[in-house]
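Atoms within a ligand are numbered from 1 in the order they appear, just like the ligands themselves.
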Amino acid sequence: MVHGTTRIIGIIGYPVRHSLSPVMQNSALQACGLDYVYVPFEVVPEELGNAVSGLKALGVSGFNVTIPHKTEVMPFLDELDQSAESAGAVNTVKNDAGRLIGYNTDGDGLVRSLMAELEFIPQGASIALVGAGGAARGAIAALCRAGARRIVIANRTRDKAAALVSLMADRFPCVEFSTADDFECLEGCLGEVDLLINTTSFGMHLDNRRIVCLDNLPPNARVYDMVYAPPVTSLLRDAEQKGLRHANGLGMLAAQGELGFTIWTGSMPPKGLMKSVLDSICHY
Ligand code: NAP
């Protein structure tokens, strides 16, 4: 029930109607008995600055930021947390007494999901990562903070992978970075890899094409696909067939949401509730 005292949290994106965050966040807010409501706001790119000023003027408690605004929102905020600085993108904003502070919980959400679902510890690990967009950037920063030893990146547009490696190598000099010229070259590097992550939207295509072949991965390697719609991508189907431990991006979505919930409300959501809500609406 919405009262005169109810506080607002939102999500801005374009489009935003596909977002699973409203149902996941409202379930957790209700379970905790907190007097908040989480609402979607579809914001066209030309209105981003006005929308952020409007949310601030309305005194919302905070909001999530999704595609295509994660980088573009940054100049409209008052302050950036270190998580947003190192990822170069914001997915969570807190309104702290009129100051908008940007955070990035995507990367830490990924690390939490890897630990929870695949028992994967990044410390000392060798990781192959496909993609060089915003999600890759957040993921690499969080994996480096969590102690990854070696990261090799392949991207459809090779120059973007090279630019990302150069940026991250400056920030994390203890990590050994490299780029693979293309996806086939990456396949040749998989023999000593502990984890392969797909950070591209490739798996959203409902067909049997492969982004990389998993034949060279060691039997104890894990495979993670950030895509969660469809819940089983061709990459995950391959991993399943090869008996490799694997997970889709639903756990990451839930974990980034749990972190945001605590940033906004100061409370912890009930353990596992967000993931169960997502599992119940995304059928395998
Ligand atoms: P982005 O910044 O637009 O980057 C897209 C990436 O995908 C780029 O590396 C792009 O390569 C690559 N790509 C797109 N289509 C491709 C294709 N057909 N073949 C090969 N590579 C292709 O997007 P993003 O923010 O990084 O998001 C990427 C994916 O991660 C999306 O599917 C998003 O839903 C997912 N994601 C999931 C979560 C979660 O919580 N599970 C969180 C964040 C993002 P080029 O550089 O060559 O264009």
Sequence neighbours excluded - side chain to side chain donor-acceptor pair (under 3.5 Å) pairs with any residue from residues 125-135: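 Passing the test, one end in residues 125-135: S126-R150.
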So which heavy atom in the protein is nearest [atom], and how far is it from that ligand atom?
atom: atom 33 (C) of ligand 1; answer: I67 CD1, 4.5 Å
atom: atom 19 (N) of ligand 1; answer: F202 CD1, 3.5 Å
atom: atom 45 (P) of ligand 1; answer: T157 OG1, 3.5 Å
atom: atom 38 (C) of ligand 1; answer: M252 CE, 3.9 Å
atom: atom 37 (C) of ligand 1; answer: M226 O, 3.5 Å
atom: atom 14 (C) of ligand 1; answer: S201 OG, 3.3 Å
atom: atom 4 (O) of ligand 1; answer: G133 CA, 3.5 Å
atom: atom 7 (O) of ligand 1; answer: T200 CB, 3.2 Å

Just going by heavy-atom distances, which of [options] is nearest to [atom]?
atom: atom 28 (C) of ligand 1; options: T199, V227, L278; value: T199
atom: atom 11 (O) of ligand 1; options: L164, N155, L250; value: N155
atom: atom 17 (C) of ligand 1; options: R209, R156, K160; value: R156
atom: atom 2 (O) of ligand 1; options: G134, S21, A135; value: G134

Could you verify whether a donor N or O on one side chain and an acceptor N or O on the other, from [X] and [Y], lie under 3.5 Å apart?
X: R7; Y: S61; value: yes
X: S21; Y: N64; value: no
X: Y14; Y: T66; value: no
X: N198; Y: T200; value: yes
X: N91; Y: T105; value: yes

Polar atom proximity, A132 to ligand 1 (N or O, under 3.5 Å):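 Yes, at least one N or O pair falls under 3.5 Å.
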Heteroatom proximity flag, G249 to ligand 1, N/O under 3.5 Å: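 Yes.
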Element-labelled atoms of ligand 1 that are located less than 4.0 Å from some non-hydrogen atom of G131: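 This gives 9 (O) as the contact atoms.
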For M204, the ligand 1 atoms whose distance to one of its heavy atoms is below 4.0 Å: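 Close to M204: 32 (O).
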Test side-chain contact (heavy atoms from CB on, under 4.5 Å) applied to D81 and T92, step by step: CA-CA 10 Å; D81 179 67; T92 302; over 6 Å; no
D182 with R158: basic N within carboxylate O range, under 4.0 Å: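 So D182 does not pair with R158 through a salt bridge.
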Donor-acceptor contact below 3.5 Å, side chain Y224 vs main chain H246: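 The answer is no, because no donor-acceptor pair under 3.5 Å joins these two groups.
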Polar side-chain atom of N26 near backbone of Y38 as donor-acceptor pair, under 3.5 Å: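 Answer holds: yes.
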Closer than 4.0 Å: a protein non-hydrogen atom to atom 23 (O) of ligand 1: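 Looking at atom 23 (O) of ligand 1, one finds that no protein heavy atom lies closer than 4.0 Å.
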Min heavy-atom dist K70 to ligand 1 below 4.0 Å: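 Right, K70 reaches ligand 1.
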Residue pairs involving residues 102-118 (criterion salt bridge (Lys or Arg N to Asp or Glu O under 4.0 Å); sequence neighbours excluded):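 Only K70-D106, D108-R145, R112-E258, E117-K275 qualify under salt bridge (Lys or Arg N to Asp or Glu O under 4.0 Å).
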